[in-house]
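Both ligands and their constituent atoms are indexed starting at 1 by order of listing.
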Amino acid sequence: MSMRKPIIIGNWKMNGSMAFAKEFVSELNTLITSKACDIAICPPATLLNTLAEALKNTNIALGAQNVHFEEKGAFTGEISTGMLKECGVKYVILGHSERRKYFADSNADICKKVKSTIAANLIPVLCVGESLKEREEGNTEIHLHTELQECLQGIQHPENIIIAYEPLWAIGTGKTATPQEANETIGFIRRELAKIFSEEIAQKIRILYGGSMNAQNAKSLLDMPEIDGGLIGGVSLIVKDFVSVINSNN
Ligand code: PGA
């Protein structure tokens, strides 16, 4: 039995509104029965304050979808860790595949973001994952090895980092990795973390699965020994389904 407490993180991506956020939280809070996991919602930045208010007196934490690595300055359009903290943020998703693909976030940038996030006492949720081509050509492990090495280079206090394993071919596609596939790959990631940090740290770090996780497949994934929770996209906007995923932890 692992000592790691599972966590379910909802990534709303560029979706939602103030009215939606308020209604979502009030419904979510009445439906959650499982206390077995941590829960967080990562809305667009414009909804952080609204959600912070709505999440008061709940066990649900607030997260952001990205951050800039500098503290302040002439970086039009960007948001710093200090600004996120002021909104009550606890977790920051970093290196999501959509940021890598559409906004050219590189491993080097992501590494700086991980460092700034830890320095601000926030918890990074670092996303890694291979493409379909890499999986089919047997290059999953080399891809993950490089991503982890480059994104985690020189990290001083890795204890609280969360890793999200999100195979690119499973994100938003309705295609999930099988529980065995996800468990095996997450086991590989944990062995890589042991090499980068230490076995002790690797056993502490929570590694999530993400990619088309839903009410139907959540339990079989979350029951696997290496899988410490989920990063949920589409389904995190459907309150009843999101609750089913949360309540699959028991
Ligand atoms: P999905 O997204 O659950 O819609 O596949 C997961 C993610 O992008 O984090």
Could you report the tightest heavy-atom contact between Ile60 and Thr58, atom names first, then the distance?
N-OG1, 3.1 Å
In short, Ile123 meets Thr117 closest at the heavy-atom pair C-CG2, 4.0 Å
When you check the side-chain N and O atoms of Thr185 and Arg190, is any donor under 3.5 Å from an acceptor?
no
Side-chain donor-acceptor contact under 3.5 Å, Asn107 with Glu150:
yes
Tell me which residues fall inside the under-4.0 Å heavy-atom shell around ligand 1.
Asn11, Lys13, His96, Glu166, Ala170, Ile171, Gly172, Gly211, Ser212, Leu231, Ile232, Gly233, Gly234
Result block: side-chain N/O donor-acceptor pairs under 3.5 angstrom for residues 66-77, not counting sequence neighbours:
residue	atom	partner	partner atom	Å
Asn66	OD1	Lys113	NZ	2.9

Return the orientation label for the Phe24 and Phe242 ring planes: parallel under 30°, perpendicular over 60°, tilted otherwise.
tilted
